[in-house]
Amino acid sequence: MMKTLWNDTPHLYITTQSLDKSIYKLNNSGEPVEKKKDAWKKALWFWHETNEYWNYKANEPTVVEVYSNCDEVELFLNDTSLGRKKLDDYADHIYKWSVPFAEGQLKAEGYIEGKKSRRDCRD
């Protein structure tokens, strides 16, 4: 996270967590939102539990977080796009997706000014 806030070099880092153990709930659109609205503003010196792996029960609801300083990030599961998102839409600077677990590879691609600049993967 610190690299994405205080470094100009393009950076991506993927973490995951089961929805029930995460700090998130799903809103009416199925997007992860904090259980306690704006809790991130009060928790600057504490970090929530995340995992560096992609290994859960089949179809288990998970939250994928991508830490990046890229303008946009696109998330893929087994080469299928799960959507491209803009950093400006996340006040806490953490991209988030709700993803039912499926075996395979998660991949995030970062874009700066529309050009692919960085990639990270989790198996």
Q | Nearest atoms (heavy-atom pairs only) where Cys70 meets Pro10 | A | SG-CB, 4.2 Å
Check whether any side-chain heavy atom of [X] sits under 4.5 Å from a side-chain heavy atom of [Y], and report yes or no.
X	Y	answer
Lys86	Asp71	no
Lys107	Asp79	yes
Val99	Leu77	yes
Leu75	Ser81	no
Ile94	Lys96	yes
Glu65	Tyr24	yes

**Q.** Modelled atom types, side-chain donor and acceptor of Ser18 and Asp20, under 3.5 Å
**A.** yes
Given 3.5 Å as the limit, does a donor-acceptor pair link the side chain of [X] with the main chain of [Y], or not?
X	Y	result
Asn51	Tyr53	no
Thr50	Thr15	no
Asn69	Leu12	no
Asn59	Pro100	no

Q | Residue that, paired with Tyr95, satisfies ring-ring contact (aromatic ring centres under 6.0 Å, His included) out of Tyr67, Tyr13, Tyr90 | A | Tyr90
If hydrophobic clusters are built by linking Ile, Leu, Val, Met, Phe, Trp and Tyr wherever their side-chain heavy atoms come under 4.5 Å apart, do [X] and [Y] end up in the same one?
X	Y	answer
Trp97	Tyr111	no
Phe76	Val64	no
Leu26	Ile23	yes

**Q.** Given Glu109, Glu72, Glu74, Glu31, the one that forms salt bridge (charged side-chain N to carboxylate O under 4.0 Å, His left out) with Lys85
**A.** Glu31
Q | Stepwise side-chain hydrogen bond (donor to acceptor under 3.5 Å, both in side chains) test for Tyr56 and Thr16 | A | CA-CA 10 Å; Tyr56 298 90; Thr16 66; 2.6 Å; yes
**Q.** Atom pair CD1 (Ile14) and CD (Gln105), whose distance is rounded to the nearest 0.5 Å
**A.** 8.5 Å
